[in-house]
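Hydrogens, waters and symmetry mates play no part in the numbers below; they use all other heavy atoms, side chains included. Whatever order the structure lists them in is the order used to number ligands and atoms, beginning at 1.
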Amino acid sequence: MASDPTASSFYQTVNAYFDRAAALTDYPAGLLEQIKVCNAVYAVQFPLRRQDGSIEVIAGWRVQHSHHRLPVKGGIRYAPEVNEDEVKALAALMTYKCAIVDVPFGGAKGGVRIDTKKYTTQELEQITRRYTAELIKKNFIGPGVDVPAPDYGTGPREMAWIYDTYSAFNPGAIDAMACVTGKPVTQGGIRGRVEATGRGVYYGLREACAQREDLAPLGLTPGLEGKRVVVQGLGNVGYHSAKFCQEAGCVIVALSERDGAVYNPAGLDVDAVVRHQRETGSIRDFPGAKTIVPTNLALELPCDILIPAALENQITAENAPRIQARIVAEAANGPTTAAAERILRERGVLIIPDVYLNAGGVTVSYFEWVKNLSHVRFGRVGKRFEESAFDRLLSAVERATGRAFPEAERRRIVRGPDEIDLVNSGLEETMITAYHQIRECWKRDPRVPDLRTAAFLVALRKVATTYLELGIFP
Ligand code: NAD
């Protein structure tokens, strides 16, 4: 069953991308259909007693897209526009994303239709705990079943509430901590998870920009140094993507938020803009920068790299002809519509697709899940042993050569890895390996038009292999 490639619904768009890749395979139609459909969809409505005494009905969803591997995994989104179609699209993307970065989970996603700014912290806690209780009732959460994480509008605080609610309902469950990831470090979280998606965006972008033969047709030189970057959305993913790109030598020419954007072709200091936003309540009127309203005009500013890191459907057929960036790095999920993608491709723009580029979050979530199940922090067991082994080695070299290493250098070489070192190195390795897998698929097969199709094709083949090896589709 092919999806309409001109479809505007987010889920139909994701399915249209799937179909485009599926058409390049010769898997049986039934197998492709099984990979494409959502395996379980749970819609729930529950009451919230607000602090003014009124009662409001809250709508939420959890979609488990693929049970080919368990647990399933995916973030929980709090936003006023959340709907079933969106959650299904995001859940499907999670299946393909996990496959691309070899994270052994099926895809899932959750959503609660609320505008977080309209509720007190206490009300948000009530909503989160009740939503979790609804998931527990239907066995839609658990370390071996379905493991949520943060997404738009949620963060470590909400994950701590989820964990606490789950443990209260499952007293004595020794692996309860692994029921959700993205928790605060003090609640079983892992160092590096908060910034993982943005760090992964940076690693992916760095890898893409290192390919001289891909950058030449864009009129760009290899490397991130000096590249002009616009970032849409200064939340978790946008802030960290901007910050790591700035540290790598990019010039952050514009940052945008819901109520406006700030532009300075000479470059913005990301932390200074965030400080200004905190102090004044808006990024508008940042000293030395031009304020741009309406905010989405920021997408059309002159730059080399555009990083949409807010929500879906931001680059559309309407504004795509005016996008000046040569690279669109999709940090958000679904920021480019299918129609916009066609226009950008015709204009020779390189799109680094969401399904690969923002996979850093789920990669480090996977590390957190492993940590929770093993009940030991990464690095704890081996660090001292490695340090003394290196120390003995250096001492042997010193004895043999008769020359001592300078103290600072000795300390640098001998230092064993901490949790954060191992997390970041595992993330870097994952993003680099996955980039080359999808790039090779794109470059080797002339029928593959772009990186997105390559990414879907790589994912589809991995999921299909799992089904075939299970013997379900002889
Ligand atoms: P977030 O809530 O931390 O931040 C999003 C920011 O975007 C907010 O500050 C919001 O005000 C801003 N925003 C909304 N509309 C905007 C607009 N039109 N213009 C400019 N700014 C706008 O959310 P997040 O976790 O950073 O997620 C952002 C995107 O990244 C989403 O698509 C999400 O699905 C995706 N993502 C997140 C993670 C993660 O680990 N958090 C992982 C993978 C993908």
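Side chains of T95 and H65: a donor on one and an acceptor on the other come within 3.5 Å. Between the side chains of H436 and E207, at least one donor N or O sits under 3.5 Å from an acceptor N or O. In this model, a donor atom of one side chain and an acceptor atom of the other lie less than 3.5 Å apart for T453 and R20. Using modelled atom types and a 3.5 Å distance limit, the side chains of Y131 and E158 yield no donor-acceptor pair. Y78 and T128 are linked by a side-chain donor-acceptor pair at a separation below 3.5 angstrom, with hydrogens and angles left out of the test. Defined by atom type and a distance below 3.5 Å, a donor-acceptor pair is missing between the side-chain atoms of N319 and Q314. Counting only N and O atoms by type, the side chains of N296 and Q232 include a donor and acceptor under 3.5 Å apart.
A distance of 13.0 Å separates OH of Y11 from CG of N83, quoted to the nearest 0.5 Å.
Nearest heavy atom pair, residue D285 against residue H276, reads O-CE1, 3.4 Å.
Of all protein heavy atoms, the one closest to atom 5 (C) of ligand 1 is Y152 CE1, 3.4 Å. Protein heavy atom closest to atom 18 (N) of ligand 1, with residue, atom name and distance, is N296 OD1, 3.5 Å. In terms of protein heavy-atom proximity, atom 4 (O) of ligand 1 is closest to G235 CA, 3.2 Å. Here the protein heavy atom with the shortest distance to atom 26 (O) of ligand 1 is V237 N, 2.8 Å. Of the protein's heavy atoms, N236 N, 2.9 Å lies nearest to atom 3 (O) of ligand 1. Nearest to atom 36 (N) of ligand 1 among the protein's heavy atoms is D151 OD1, 3.7 Å. Of the protein's heavy atoms, T197 OG1, 3.4 Å lies nearest to atom 42 (C) of ligand 1. Counting protein heavy atoms only, atom 17 (C) of ligand 1 is closest to Q232 NE2, 3.9 Å.
The closest non-hydrogen atom to atom 29 (C) of ligand 1, taken over S241, A310, G238, comes from A310. If you check each of R258, H240, E257 against atom 15 (N) of ligand 1, the one with the closest non-hydrogen atom is R258. Remark: among candidates G198, G233, G182, the nearest residue to atom 7 (O) of ligand 1 is G233, based on non-hydrogen atoms.
Counting non-hydrogen atoms of neighbouring residues, nucleotides and ligands closer than 6.0 angstrom, the CZ atom of R380 reaches no more than 12 such neighbours.
Residue A331 touches ligand 1 through its backbone alone, judged by heavy-atom distances below 4.0 Å. Only the side chain of Q314 comes within 4.0 Å of ligand 1, counting heavy atoms alone; its backbone N, CA, C and O stay farther away. By the criterion of a heavy-atom distance under 4.0 Å, neither the backbone nor the side chain of P335 is placed next to ligand 1. Contact annotation: for E330 versus ligand 1, there are no heavy atoms closer than 4.0 Å.
Residue pairs meeting the side-chain hydrogen bond (donor to acceptor under 3.5 Å, both in side chains) criterion with at least one partner in residues 176-191, sequence neighbours excluded, are K73-T181, T181-S365, K183-E368, K183-N372, R191-E419.
Distances between N or O atoms of L311 and those of ligand 1 include no value under 3.5 Å. Checked against a 3.5 angstrom limit, the closest N/O atoms of N333 and ligand 1 fall inside it.
Counting atoms of ligand 1 from 1 in the listed order, those under 4.0 Å from a heavy atom of A309 are 28 (C). Counting atoms of ligand 1 from 1 in the listed order, those under 4.0 Å from a heavy atom of R193 are 40 (O). Taking every heavy atom of A332 and a limit of under 4.0 angstrom, the matching atoms of ligand 1 come to 29 (C), 30 (O), 32 (O). The contact set between ligand 1 and G153, taken as ligand atoms under 4.0 Å from a residue heavy atom, comprises 2 (O).
The aromatic rings of W369 and F105 lie perpendicular to each other, with more than 60° between the two planes, well past the 30° mark.
Note on ligand 1: R77 sits in its first shell, one or more heavy atoms being nearer than 4.0 Å. Ligand 1 is approached by S256 to a heavy-atom distance shorter than 4.0 Å.
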Open item on the list: One pair to check against salt bridge (charged side-chain N to carboxylate O under 4.0 Å, His left out): K97 and D354. What are the steps and the verdict?
Closed with: CA-CA 8 Å; K97 194 175 299 181; D354 51 3; over 6 Å; no

Output a table of donor-acceptor pairs, distance under 3.5 Å, between side-chain atoms of residues 253-260 and any protein atom two or more places apart or on a different chain; print 'none' if there are none.
unit_1, atom_1, unit_2, atom_2, d
E257, OE2, L234, N, 2.9
D259, OD2, S282, OG, 2.8

